[in-house]
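Working notes, beginning with the structure itself.
Below, all heavy atoms of this structure are taken into account, side chains as well, without hydrogens, waters or symmetry copies.
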Amino acid sequence: MAEDKDSAEAVVSELHKKISDAFNLFDDESNKTVDVREVGTIIRSLGCFPTEAELHEIITEIEEEELTGFIRLEKFLPTMTKVLMERKFRPIPEELLLQAFEVLDQEKKGYLEPEDLKKFMTQEGEPFSHDEMEEMLSAAVDPDKNVVYYKDFVGMMTVRDQ
(Lines give C-alpha, C1' and ligand atoms only; values in the text may rest on other atoms or scores of the structure.)
Protein backbone atom coordinates (compact mmCIF):
# COMPACT_ATOMS: atom_id res chain seq x y z
CA MET A 1 0.00 0.00 0.00
CA ALA A 2 2.78 2.45 0.87
CA GLU A 3 4.26 1.85 -2.58
CA ASP A 4 0.97 2.83 -4.26
CA LYS A 5 0.79 5.99 -2.17
CA ASP A 6 4.40 6.89 -3.03
CA SER A 7 3.68 6.23 -6.70
CA ALA A 8 0.55 8.41 -6.65
CA GLU A 9 2.44 11.18 -4.85
CA ALA A 10 5.20 10.97 -7.46
CA VAL A 11 2.63 11.31 -10.28
CA VAL A 12 1.02 14.33 -8.61
CA SER A 13 4.42 15.86 -7.91
CA GLU A 14 5.43 15.42 -11.56
CA LEU A 15 2.13 16.98 -12.71
CA HIS A 16 2.63 19.93 -10.35
CA LYS A 17 6.08 20.50 -11.81
CA LYS A 18 4.78 20.28 -15.39
CA ILE A 19 1.89 22.67 -14.65
CA SER A 20 4.11 25.11 -12.74
CA ASP A 21 6.73 25.11 -15.51
CA ALA A 22 4.07 25.89 -18.15
CA PHE A 23 2.53 28.58 -15.92
CA ASN A 24 5.91 30.17 -15.18
CA LEU A 25 6.66 30.63 -18.87
CA PHE A 26 3.85 33.22 -18.92
CA ASP A 27 4.55 34.73 -15.49
CA ASP A 28 6.27 37.85 -16.83
CA GLU A 29 6.45 39.55 -13.43
CA SER A 30 7.68 36.41 -11.60
CA ASN A 31 4.92 36.93 -9.02
CA LYS A 32 3.04 33.65 -9.52
CA THR A 33 0.33 35.27 -11.67
CA VAL A 34 -0.45 35.25 -15.38
CA ASP A 35 -2.71 37.35 -17.56
CA VAL A 36 -6.11 35.65 -17.80
CA ARG A 37 -5.80 35.82 -21.62
CA GLU A 38 -2.83 33.41 -21.45
CA VAL A 39 -4.71 30.63 -19.61
CA GLY A 40 -5.96 28.95 -22.81
CA THR A 41 -2.44 28.82 -24.22
CA ILE A 42 -1.08 27.36 -20.99
CA ILE A 43 -3.81 24.71 -20.87
CA ARG A 44 -3.23 23.76 -24.52
CA SER A 45 0.52 23.53 -23.92
CA LEU A 46 -0.31 20.87 -21.32
CA GLY A 47 -2.06 18.75 -23.97
CA CYS A 48 -5.65 19.73 -23.11
CA PHE A 49 -7.94 21.21 -25.71
CA PRO A 50 -11.13 22.57 -24.16
CA THR A 51 -13.74 24.37 -26.25
CA GLU A 52 -14.03 28.11 -25.72
CA ALA A 53 -17.07 27.50 -23.46
CA GLU A 54 -15.13 24.94 -21.37
CA LEU A 55 -12.17 27.30 -21.17
CA HIS A 56 -14.49 30.06 -19.94
CA GLU A 57 -15.80 27.69 -17.22
CA ILE A 58 -12.24 26.90 -16.07
CA ILE A 59 -11.34 30.59 -15.95
CA THR A 60 -14.51 31.41 -14.00
CA GLU A 61 -13.61 28.68 -11.50
CA ILE A 62 -10.06 29.96 -10.90
CA GLU A 63 -10.57 33.71 -11.19
CA GLU A 64 -10.46 35.87 -8.10
CA GLU A 65 -13.70 37.17 -6.60
CA GLU A 66 -12.42 40.65 -7.35
CA LEU A 67 -11.67 40.46 -11.10
CA THR A 68 -8.07 41.54 -11.62
CA GLY A 69 -7.36 40.16 -15.08
CA PHE A 70 -4.79 37.81 -13.58
CA ILE A 71 -4.84 34.18 -12.46
CA ARG A 72 -2.75 33.01 -9.50
CA LEU A 73 -0.74 29.80 -9.60
CA GLU A 74 -2.18 28.65 -6.27
CA LYS A 75 -5.70 28.60 -7.82
CA PHE A 76 -4.57 27.28 -11.23
CA LEU A 77 -2.48 24.38 -9.91
CA PRO A 78 -5.19 22.29 -8.17
CA THR A 79 -7.70 22.82 -10.99
CA MET A 80 -5.22 21.81 -13.70
CA THR A 81 -3.96 18.87 -11.64
CA LYS A 82 -7.53 17.55 -11.49
CA VAL A 83 -8.04 18.16 -15.24
CA LEU A 84 -4.84 16.27 -16.10
CA MET A 85 -5.52 13.43 -13.65
CA GLU A 86 -9.00 12.96 -15.15
CA ARG A 87 -7.57 13.23 -18.69
CA LYS A 88 -10.18 15.84 -19.58
CA PHE A 89 -10.20 17.82 -22.82
CA ARG A 90 -8.16 15.29 -24.77
CA PRO A 91 -7.38 16.17 -28.38
CA ILE A 92 -9.60 14.88 -31.14
CA PRO A 93 -8.14 11.68 -32.65
CA GLU A 94 -6.31 12.08 -35.97
CA GLU A 95 -8.74 9.75 -37.80
CA LEU A 96 -11.74 11.85 -36.74
CA LEU A 97 -10.11 15.09 -37.90
CA LEU A 98 -9.26 13.48 -41.21
CA GLN A 99 -12.87 12.34 -41.64
CA ALA A 100 -14.08 15.90 -40.99
CA PHE A 101 -11.82 17.25 -43.75
CA GLU A 102 -12.89 14.46 -46.09
CA VAL A 103 -16.53 15.45 -45.61
CA LEU A 104 -15.62 18.98 -46.70
CA ASP A 105 -13.67 17.62 -49.71
CA GLN A 106 -16.73 16.42 -51.62
CA GLU A 107 -14.77 15.97 -54.84
CA LYS A 108 -12.17 13.76 -53.05
CA LYS A 109 -9.23 15.83 -54.33
CA GLY A 110 -7.14 15.41 -51.17
CA TYR A 111 -7.00 19.16 -50.61
CA LEU A 112 -9.21 22.16 -49.89
CA GLU A 113 -9.05 25.69 -51.23
CA PRO A 114 -8.11 28.18 -48.48
CA GLU A 115 -11.23 30.28 -49.16
CA ASP A 116 -13.51 27.25 -48.80
CA LEU A 117 -11.84 26.22 -45.56
CA LYS A 118 -12.08 29.79 -44.28
CA LYS A 119 -15.82 29.81 -45.02
CA PHE A 120 -16.40 26.53 -43.16
CA MET A 121 -14.25 27.50 -40.18
CA THR A 122 -15.75 30.95 -39.65
CA GLN A 123 -19.42 30.19 -40.29
CA GLU A 124 -20.04 26.69 -38.87
CA GLY A 125 -19.92 25.20 -35.36
CA GLU A 126 -17.68 27.10 -32.95
CA PRO A 127 -16.43 29.74 -35.41
CA PHE A 128 -12.80 30.78 -35.63
CA SER A 129 -11.98 34.48 -35.26
CA HIS A 130 -10.29 36.26 -38.18
CA ASP A 131 -6.92 36.12 -36.35
CA GLU A 132 -7.29 32.42 -35.52
CA MET A 133 -8.16 31.71 -39.15
CA GLU A 134 -5.16 33.64 -40.47
CA GLU A 135 -2.85 31.84 -38.05
CA MET A 136 -4.24 28.45 -39.05
CA LEU A 137 -3.99 29.18 -42.78
CA SER A 138 -0.41 30.38 -42.41
CA ALA A 139 0.47 26.88 -41.17
CA ALA A 140 -1.96 24.92 -43.35
CA VAL A 141 -1.61 26.33 -46.86
CA ASP A 142 0.98 24.73 -49.14
CA PRO A 143 3.09 27.71 -50.26
CA ASP A 144 3.71 26.28 -53.75
CA LYS A 145 0.18 25.19 -54.66
CA ASN A 146 -1.86 27.59 -52.46
CA VAL A 147 -4.14 24.77 -51.23
CA VAL A 148 -4.54 22.91 -47.93
CA TYR A 149 -3.42 19.29 -48.20
CA TYR A 150 -5.46 18.24 -45.21
CA LYS A 151 -3.76 14.87 -44.58
CA ASP A 152 -0.46 16.69 -44.11
CA PHE A 153 -2.11 19.40 -42.02
CA VAL A 154 -3.91 16.91 -39.76
CA GLY A 155 -0.64 15.03 -39.23
CA MET A 156 1.08 18.28 -38.33
CA MET A 157 -1.55 19.46 -35.84
CA THR A 158 -2.38 16.27 -33.97
CA VAL A 159 -0.80 15.50 -30.62
CA ARG A 160 0.58 12.08 -29.99
CA ASP A 161 0.12 10.69 -26.46
CA GLN A 162 3.41 10.37 -24.61
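Side-chain atoms of S138 come within 3.5 Å of backbone N or O of E135 as a donor-acceptor pair.
G110 approaches Y150 most closely through the heavy-atom pair C-CE2, 3.4 Å. Taking each heavy atom of E102 and K108 in turn, the nearest pair found is O-NZ, 3.5 Å. The minimum heavy-atom distance linking V147 with P114 is given by the pair CA-CD, 4.1 Å.
Atoms CE and CG, on M121 and L112 in that order, are 10.5 Å from each other to the nearest 0.5 Å. The CZ atom of R87 lies 9.0 Å from the SG atom of C48; values are rounded to the nearest 0.5 Å.
Side-chain atoms of D105 and Y111 include no donor-acceptor pair closer than 3.5 Å.
Looking at heavy atoms from C-beta onward, F101 lies in side-chain contact with L117 at the 4.5 angstrom threshold. Residues I19 and L46 form a side-chain contact, since some pair of their non-hydrogen atoms from C-beta on lies under 4.5 Å apart. In this structure the side chain of V11 reaches within 4.5 angstrom of the side chain of M85, judged on heavy atoms. With contacts defined as side-chain heavy-atom distances shorter than 4.5 Å, the pair K118/E134 qualifies.
Screening L25, V34, N24 for a side-chain contact (heavy atoms from CB on, under 4.5 Å) with I42, the sole residue that qualifies is V34.
One hydrophobic cluster, built from ILVMFWY side chains closer than 4.5 Å, holds both I71 and L73. F70 and I58 fall into different hydrophobic clusters, defined by Ile, Leu, Val, Met, Phe, Trp and Tyr side-chain heavy atoms under 4.5 Å apart, directly or through other members. By the rule that hydrophobic residues join a cluster once side-chain heavy atoms approach within less than 4.5 Å of another member, M136 and L98 end up as members of one cluster. In terms of hydrophobic clustering, with Ile, Leu, Val, Met, Phe, Trp and Tyr side chains grouped at heavy-atom distances under 4.5 Å, F49 and F23 are assigned to different clusters. There is a path of hydrophobic side-chain contacts, each under 4.5 Å, that joins L15 to I43.
Residues forming a salt bridge (Lys or Arg N to Asp or Glu O under 4.0 Å) with K88 (at least two apart in sequence, or on another chain): E86. By the side chain to side chain donor-acceptor pair (under 3.5 Å) test, N146 is found to be paired with no residue, residues two or more places apart in sequence or in another chain being considered. For D35, the salt bridge (Lys or Arg N to Asp or Glu O under 4.0 Å) criterion is met by R37, not counting sequence neighbours. The side chain to side chain donor-acceptor pair (under 3.5 Å) test applied to Y149 returns no partner, not counting sequence neighbours. For F89, there are no ring pair (Phe, Tyr, Trp, His ring centres under 6.0 Å) partners two or more places apart in sequence or in a different chain. In this view, H16 and T81 satisfy the side chain to side chain donor-acceptor pair (under 3.5 Å) rule, not counting sequence neighbours. The side chain to side chain donor-acceptor pair (under 3.5 Å) search around E132 returns S129, not counting sequence neighbours.
The list of salt bridge (Lys or Arg N to Asp or Glu O under 4.0 Å) pairs with a residue in residues 20-29, not counting sequence neighbours, reads K17-D21. For residues 38-64, the set of pairs meeting the salt bridge (Lys or Arg N to Asp or Glu O under 4.0 Å) definition, not counting sequence neighbours, comprises R44-E52, E64-R72. Sorted pairs that involve residues 26-48 and meet ring-ring contact (aromatic ring centres under 6.0 Å, His included), not counting sequence neighbours, are lacking altogether. The salt bridge (Lys or Arg N to Asp or Glu O under 4.0 Å) contacts involving residues 137-149 comprise nothing, where partners must be two or more places apart or lie in separate chains. Residue pairs meeting the ring-ring contact (aromatic ring centres under 6.0 Å, His included) criterion with at least one member in residues 116-144, sequence neighbours excluded, do not occur.
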Next on the checklist: Before you tell me yes or no, could you show the steps for L104 and D116 under side chain to side chain contact (heavy atoms under 4.5 Å, CB included), namely the whole-Å CA-CA distance, both residues' side-chain angles and the distance that decides it to 0.1 Å?
Outcome noted: CA-CA 9 Å; L104 301 178; D116 293 337; over 6 Å; no

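Other residues, nucleotides and ligands place no more than 12 heavy atoms under 6.0 Å from the NZ atom of K119. The number of heavy atoms from other shown groups lying within 6.0 Å of CD (E107) does not exceed 12. At most 12 non-hydrogen atoms from other residues, nucleotides or ligands lie less than 6.0 angstrom from NZ of K82.
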